[in-house]
Amino acid sequence: MGNAVFVKRREKLLSGLEDGVIMILFSGELVYRSADQTYPFCVNRNFYYLTGIDEPNIKYLAYKLNGKVTEKIFVERIDLQMEKWIGKKIRKEEASEISGIKLADFEYNFESTLQNLMFNYKFERAYMDLERRSFEGDGTTSTRFADKVVSNYPQLKLEDCYFDIAKMRMLKDEYEVSKIERAIEMTDKGVQCLLENAKPGLKENQLEAYFDFAIKTEGATGHAFKTIAAAGKNATILHYEDNNTEIKDGELILFDLGAEYEGYCADISRTFPVNGKFSDRQKEIYNIVLKAQLETIKAIKPGLTTAEINEVTKKVLAEECKRIKLIEKDEELFEYYFHGVSHPLGLDTHDVGERSAKLAPGAVITVEPGLYIPEESIGIRIEDDVLLTEDGCINLSKSIIKTVEEIEAFMAKKA
């Protein structure tokens, strides 16, 4: 599809732009770590969504005058000596080719370009991506530059385009779905590698390493998020992070993981016995969670919110937990299931979009019920990624091994 997909997205975003309006977007900056190191770069996902460029210090400028929209991309200055140390930077022509933005310049000309526009024409508003997750802290490249805009051009009315972009990102096009599907395929290979190499005595992170190897071998461009590898009682901690405990014979291990492919994420959870065989109690709890997941997937359709979908999950879990005497009343379920069943998925694992919005065809969400029973050292979560259709949904990760019988049969092959 080349750059056409990015051109189409920007055209949609800019279609409502009025004369006398400027839009400014940033890819983001490298964040200093220590000594001569920076943290791995993570491009601003809204910028990437609109341009396809995944490099730091790139700037985008668009404006509308006399009914005509002009776009320009700004890349870093070329330093041939520095490139011997850190590698080649993107060229102007490459940025144009990737994004479909014909006008390109070096970023040191960005502020002077903006100043010339402001001096020669009457602009009334500036749109910027002003997403901010915390009141404290330094903010983003965009919010910091917004302070300069307000200071230098008090006549401009500053407006936030974050929600406009987020609304577009809630519904995936074919291009995006194909990237998510590829990330899921890679994750599937990683899960198989875990099942093939699981054995008592390994540490959680030692088993986790097999997943890392598999997805990198498949061509993953990274991890969608930090893997959760939680054995035994650790699996009752929702976002367990240590991944350093020895896995004992007879324990279940919960993996919440995903490959990233060209910016798009998979988010899968699977729980299995490290020795390849579920105990009767583990099987009982596992099948309750699986039943809740299957019933939830069956209920998903356009027009529902994720909160309404979660009510389906809770109803099944509560009925089953009362049946096995784990709880007596529905409200007691919160002791063992205390999170939502779904969130949007895409360029971010917890993707953008209004959480209370009604789902529409093209949305991709997770379905991840769980039960967490600390007193029994059992934590089970089963998660798949589904695509909303006109009358229901398609499970994009249905090929990943899931039932008790499939897991035990697969793991028995290695014996």
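Basis for what follows: all heavy atoms, side chains included, without hydrogens, waters or symmetry-related copies.
Aromatic ring orientation, F110 versus F145: tilted (interplanar angle from 30° to 60°). Using cut-offs of 30° and 60° on the angle between ring planes, the pair F334 and F338 is perpendicular.
Salt-bridge annotation for K322 and E328: absent, with no side-chain N of the basic residue lying under 4.0 Å from a carboxylate O of the acidic one. Salt bridge K216/E260: absent, no basic N to carboxylate O contact under 4.0 Å. At a threshold of 4.0 Å, the pair E111-K148 counts as salt-bridged, since one of the basic side-chain nitrogens sits closer than that to a carboxylate oxygen. Salt-bridge annotation for K233 and E251: absent, with no side-chain N of the basic residue lying under 4.0 Å from a carboxylate O of the acidic one. With respect to the salt-bridge test (charged N to carboxylate O, under 4.0 angstrom), the residues R169 and D348 qualify. Using a 4.0 Å cut-off between charged side-chain N and carboxylate O, K291 and E320 make a salt bridge. With respect to the salt-bridge test (charged N to carboxylate O, under 4.0 angstrom), the residues K298 and E295 qualify. Using a cutoff of 4.0 Å between basic side-chain nitrogens and carboxylate oxygens, E284 and R281 are scored as salt-bridged. Taking a cutoff of 4.0 Å between a charged side-chain nitrogen and a carboxylate oxygen, E83 and K88 do not qualify as a salt bridge. K172 has a carboxylate O that lies under 4.0 Å from a charged side-chain N of D351, or vice versa, which qualifies the two as a salt bridge. One finds a salt bridge joining R270 and D384 here, because a Lys/Arg side-chain nitrogen approaches an Asp/Glu carboxylate oxygen to under 4.0 Å. For the pair R323 and E319, the salt-bridge criterion is not met [side-chain N within less than 4.0 Å of a carboxylate O]. Using a cutoff of 4.0 Å between basic side-chain nitrogens and carboxylate oxygens, E311 and K314 are scored as salt-bridged. Taking 4.0 Å as the cut-off between side-chain N and carboxylate O, E76 and K89 count as a salt-bridged pair.
For the side chain to side chain contact (heavy atoms under 4.5 Å, CB included) test, no residue two or more places apart in sequence or in another chain qualifies with E335.
Side-chain contact check for D267 and H343: at least one donor-acceptor pair (N or O, by modelled atom type) lies under 3.5 Å. In the model, E204 has a side-chain atom that pairs as donor or acceptor with a side-chain atom of N234 under 3.5 Å. Y60 and D129 share no donor-acceptor pair across their side chains, judged by distance under 3.5 Å alone. In the model, T296 has a side-chain atom that pairs as donor or acceptor with a side-chain atom of T313 under 3.5 Å. Counted by atom type alone, Y48 and D54 present zero donor-acceptor pairs between their side chains at under 3.5 Å. A donor-acceptor contact closer than 3.5 angstrom is absent between the side chains of N57 and E29.
Once rounded to the nearest 0.5 Å, the distance linking NZ of K102 with OG1 of T70 reads 11.5 Å. The structure places CG of L202 at 13.0 Å from OG1 of T245, a figure rounded to the nearest 0.5 Å. Atom CD1 in I365 sits 10.0 Å away from atom CG in L345 (nearest 0.5 Å).
Proximity of a side-chain donor or acceptor of D242 to a complementary backbone N or O of N244 within less than 3.5 Å is not detected. The closest donor-acceptor contact from the side chain of E176 to the backbone of D173 lies under 3.5 Å. Checked by atom type and distance alone, the side chain of R10 never pairs as donor or acceptor with a backbone atom of K8 at under 3.5 Å. When atom types are taken as modelled, the side chain of T221 and the backbone of E262 share a donor-acceptor pair closer than 3.5 angstrom. Distance alone, capped at 3.5 Å, is enough to place a donor-acceptor pair between the K64 side chain and the L17 backbone. For the pair T143 (side chain) and G139 (backbone), a donor-acceptor distance under 3.5 Å is absent. Under a 3.5 Å cut-off, the side chain of T403 and the backbone N or O of E406 do form a donor-acceptor pair. Using modelled atom types, no side-chain atom of S142 and backbone atom of F26 make a donor-acceptor pair closer than 3.5 Å. Side chain of E71 to backbone of L103: no donor-acceptor contact under 3.5 angstrom is found. No side-chain donor-acceptor contact under 3.5 Å links D385 to the backbone of L396.
A centroid separation of 6.0 Å or more is found between the aromatic rings of H223 and F225. In this structure, the ring of Y337 has its center no less than 6.0 angstrom from the ring center of Y372.
Counting non-hydrogen atoms of other residues, nucleotides and ligands closer than 6.0 Å to CD of E331 gives a total above 12. Residue F163 places its CZ atom among 12 or fewer non-hydrogen atoms of other residues, nucleotides or ligands, all under 6.0 Å distant. The environment of K226 atom NZ is dense: over 12 non-hydrogen atoms of other residues, nucleotides or ligands sit within 6.0 angstrom. Within 6.0 Å of atom NZ in K189, 12 or fewer heavy atoms from other residues, nucleotides or ligands are found, so the atom counts as exposed in its surroundings. The number of heavy atoms from other shown groups lying within 6.0 Å of CZ (F41) is above 12.
Geometrically, R182 does not engage Y264 in a cation-pi contact defined by less than 6.0 Å to the ring centre and at most 45° from the axis. Within the cation-pi definition used here (under 6.0 Å to the ring centroid, within 45° of the axis), R77 qualifies as a partner of Y108.
Residue N243 is tested with K203, Q206, E208 for a side chain to side chain donor-acceptor pair (under 3.5 Å); the sole match is E208.
Counting only heavy atoms from C-beta outward, the side chains of K402 and I382 approach each other to under 4.5 Å.
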- request: Could you go through the side-chain hydrogen bond (donor to acceptor under 3.5 Å, both in side chains) check for E136 and S134 one step at a time?
  value: CA-CA 5 Å; E136 303 295 333; S134 172; over 6 Å; no
